[in-house]
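Just so it is clear: chains get the letters A, B, ... in the order the sequence lines come, proteins before strands, and each one is counted from 1.
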Amino acid sequence: MIAAHTLKAKALCLGYRDLLVIDALELVIPPGRLTAIVGANACGKSTLLRAMSRLLAPRSGEVVLDGKQVHRIPTKELARTLGLLPQTPIAPDGITVADLVGRGRSPHRRPLSRWSRADDQAVAAALEATDTLDLADRAVDELSGGQRQRVWIAMALAQETDLLLLDEPTTFLDVAHQLEVLDLLAELNRDRGTTIIMVLHDLNLAARYADHLVAIAGGRVHSAGPAEAVLTPATIRAVFGVDSQVIVDPTSGRPLMLPIGRRRPSPAAA
Amino acid sequence: MTAPNRERPATALVALGRARRQRRRRTALIVLTALALATFAASLMVGQISYPPDVVLDVILGREAPGASFTVGRLRLPRAVLAVLTGASFGIGGVTFQTMLRNPLASPDIIGISSGASAAAAFAIVILGLSGAAVSVVAIVAGLAVSLAIYLLSFRDGVAGTRLVLIGIGVAAMLDSVTAFVLDKAPQWRLQEAMRWLTGSLNGASWGDVAPVLAALVVFGPLLAGQARNLSLLQLGDDAASALGVRTERARVLLIVAAVGLIAFATSAAGPIAFVAFLSGPIAARVVGRHGSPLAPAALVGLTLVLAADLVGQFAFGTRYPVGVVTGALGAPYLVYLIIRANRTGGSL
């Protein structure tokens with residue numbers, strides 16, 4: 001079992017230049033669970049994720065991991081506890097899958113130390129978990145979008161962190177690959193107890209996979225909790241400015257949002 | 001077979017693949033080293049009077065050999081050693097920039113850093129009448145200033161490779177015209193020097209030229225080697241590198257200062273030997289593969305290029321050409337090829 005880590009944001013204010021994106025936000029991430037952050041475009045979801053992984057310094061307030069401010073934790077030490085998969089990481093030209101995944105090992109390696117057996121084992125386990133072992137010796141630039149995304153997740157897995165943050169891990173993927181990636185993350189959460197925090201665009205996928213849903217609006221947490229409590233017509237109205245119906249997904253039993261657009265052809269007209 | 005000792009097949013597979021890439025790298029490095037040694041030996045032996053290996057060895061070991069002691073010991077040896085040191089410096093400095101900025105065109109000799117160091121060195125020698133270490137200092141300050149300038153000029157919500165390359169090419173053109181202007185002020189009899197600051201030359205190399213370049217390599221080489229792992233992580237983008245535990249700003253400053261230091265010291269000794277920084281990294285990657293740090297392979301390719309180009313420039317044609325003319329003739333087609341390829345794939349520069 002891995003230790004339960006607590007990650008919190010207290011009175012967090014974030015922004016770029018004269019623009020305040022996140023304003024006095026309070027958030028507690030439930031340990032060992034899968035949390036999805038949703039919200040309208042440019043509401044500050046990704047900004048919040050960047051601050052939680054300390055890529056962005058807060059204007060005021062703080063992000064606290066296990067009682068310590070993340071901005072006070074040495075970079076390398078933090079990288080052994082908390083991993084982040086950014087939205088658009090860049091694969092170097094011609095690098096093989098195994099070598100790229102191996103870079104996830106760097107926070108565990110001492111300067112000038114040799115590659116160890118444990119490193120090989122971690123890379124192999126990450127490749128197996130993401131079902132990319134047969135791609136190990138292929139060049140990353142030859143892969144399809146879905147394969148590539150699985151390889152990036154494998155790199156984050158090789159980092160062996162108890163917390164994993166992902167910024168829109170399903171963007172640019174078709175529906176089959178979206179499900180594949182989210183199933184993988186759910187599995188990881190279940191089998192290893194990894195705390196997963198991801199920014200997701202698709203409300204219904206978020207509701208289906210997340211134990212804990214966080215809706216952001218106006219720079220603050222509008223509502224947070226289990227999907228049933230958060231994904232309501234009232235919240236969707238407030239967060240996205242869209243009228244909708246919420247029904248129960250017959251397969252998963254989770255809430256399913258159906259937007260009501262302005263154009264509403266009657267069934268007869270169609 | 002007992003269960004605890006048996007390795008999981010996945011781990012064995014990963015270890016095997018890595019061992020294969022490592023073996024390829026090691027073999028390629030041995031070949032490159034042998035090639036470098038052979039070219040070095042050739043540049044000591046071949047000339048208007050050629051000497052056999054045993055005479056050359058005698059000179060290197062400090063024994064008196066009539067005729068050879070002067071020709072090999074005083075002329076060829078410092079020239080060849082300077083070729084090795086500048087070639088390695090350009091190779092390492094070039095590949096550091098190319099890797100960090102993820103763009104083969106982002107080499108210091110394309111984006112104006114070498115031009116800056118060269119213009120400053122020419123200015124310091126011709127106009128200010130400086131010499132020796134003072135010239136190197138002026139060159140490195142100018143190299144860093146140019147780096148900072150193109151960084152600031154191309155900064156808009158982060159630095160995009162293409163913008164930096166285009167601005168750098170403009171800056172390089174401007175600085176080259178400064179060099180041409182300075183040389184216009186130089187007396188006629190210093191035309192030899194003019195070639196050095198425009199394309200790079202090893203003519204008249206002496207032990208006095210060797211010392212500062214060697215010192216720069218001794219200081220900045222290990223510094224860069226220590227940052228090699230961070231360099232390979234910065235390639236993934238700043239966010240990913242930072243998430244993997246790299247202090248990105250600190251690593252970048254160290255890498256830039258060390259790479260510019262190498263380029264500037266080499267430039268103040270031999271001029272901006274054309275395209276060596278630009279060519280070494282890509283050739284090394286072709287030969288050695290993408291496994292492991294690119295620094296040592298690029299150093300080996302760089303020094304072999306300079307040694308070979310200097311031999312060709314001196315003896316392959318009726319007249320003697322400075323080394324930079326030969327490397328320039330090699331590099332220009334590759335530059336055109338890169339731009340054509342970028343155009344075809346619809347990619348950016």
Side-chain angles (χ1 to χ4, degrees), chain A residues 16-17 50 53-56 74-80 82-109 111-113 115 117-128 133-134 136-137 139 152 155-156 159 161 165 167, chain B residues 7-22 24-25 98-104 157-158 160-161 222 225-251 281-282 285-286 288-294 345 347:
Chain A
Y16 303 100
R17 296 202 200 100
R50 284 171 57 86
S53 49
R54 78 161 229 184
L55 295 180
L56 184 71
T75 319
K76 214 164 166 177
E77 192 184 313
L78 182 68
R80 288 193 283 261
L82 186 149
L84 167 81
L85 185 59
Q87 203 168 3
T88 48
I90 304 152
D93 276 344
I95 192 171
T96 59
V97 168
D99 280 354
L100 182 65
V101 173
R103 295 203 177 165
R105 296 301 299 157
S106 20
H108 296 280
R109 300 179 64 196
L112 304 176
S113 68
W115 188 262
R117 182 95 317 203
D119 293 326
D120 272 337
Q121 279 162 358
V123 170
L127 291 172
E128 276 190 316
L133 185 62
D134 52 332
D137 293 331
W152 283 114
M155 186 186 88
Q159 203 175 336
T161 57
L165 281 60
D167 193 357
Chain B
E7 194 156 46
R8 293 179 61 216
T11 309
L13 192 87
V14 167
L16 197 73
R18 196 172 41 73
R20 198 166 46 234
R21 285 189 290 281
Q22 220 153 34
R24 169 166 175 211
R25 177 181 164 91
Q98 289 167 325
T99 310
M100 190 168 58
L101 297 169
R102 299 172 218 107
N103 191 331
D157 301 326
Q227 290 295 314
R229 204 175 284 166
N230 286 342
L231 178 62
S232 75
L233 293 173
L234 279 175
Q235 258 187 312
L236 308 177
D238 275 15
D239 284 1
S242 176
L244 288 169
V246 180
R247 292 161 67 186
T248 50
E249 288 310 320
R250 180 174 172 272
R286 244 334 132 73
V288 179
R290 302 281 182 173
H291 183 77
S293 162
T345 55

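Residues B/D239 and A/P89 are not in side-chain contact: their nearest non-hydrogen atoms beyond the backbone lie 4.5 Å or more apart. For the pair B/L244 and A/M155, the minimum side-chain heavy-atom distance is below 4.5 Å. The side-chain heavy atoms of A/T75 and B/V246, taken from C-beta on, include no pair separated by under 4.5 Å. Two residues are said to be in side-chain contact when any heavy atoms from C-beta on lie closer than 4.5 Å; A/P92 and B/R102 fail this criterion. A/R109 places a side-chain heavy atom less than 4.5 Å from the side chain of B/R229. Counting only heavy atoms from C-beta outward, the side chains of B/R18 and A/D120 approach each other to under 4.5 Å. Side-chain atoms of B/R20 and A/D137, non-hydrogen and from C-beta on, do get closer than 4.5 Å to each other.
With a 4.5 angstrom heavy-atom cutoff, A/L78 does not touch chain B via any of its atoms. For A/T96, the part sitting under 4.5 Å from any heavy atom of chain B is the side chain, from C-beta outward, and nothing else. For A/L165, no part lies under 4.5 angstrom from a heavy atom of chain B.
Shown here for B/A10 and A/L133, the closest heavy-atom pair between the two residues is CB-CD2, 3.6 Å. Closest non-hydrogen pair, A/P86 versus B/A240, comes out as CG-N, 3.7 Å. Pairing each heavy atom of A/A79 with each of B/A243, the nearest pair is CB-O, 3.3 Å. Between B/R290 and A/G94 the shortest heavy-atom distance is CG-O, 3.8 Å.
Applying the salt bridge (charged side-chain N to carboxylate O under 4.0 Å, His left out) test to residues at least two apart or on different chains, the pairs with a partner in residues 87-100 of chain A are A/D99-B/R21.
For A/E128 (side chain) and B/T11 (main-chain N/O), no donor-acceptor pair under 3.5 Å exists by modelled atom type.
For the side-chain hydrogen bond (donor to acceptor under 3.5 Å, both in side chains) test, residues two or more places apart in sequence or in another chain that qualify with A/D119 are A/R105, A/S116.
Once rounded to the nearest 0.5 Å, the distance linking CG of A/L100 with CG of B/L236 reads 6.0 Å. In this structure, OG in B/S232 is found 7.5 Å from CD1 in A/I95, a value given to the nearest 0.5 Å.
Of the residues considered (A/R103, A/R80, A/K76, A/H108), A/R103 shows the highest number of contacts with chain B, using heavy-atom pairs under 4.5 Å.
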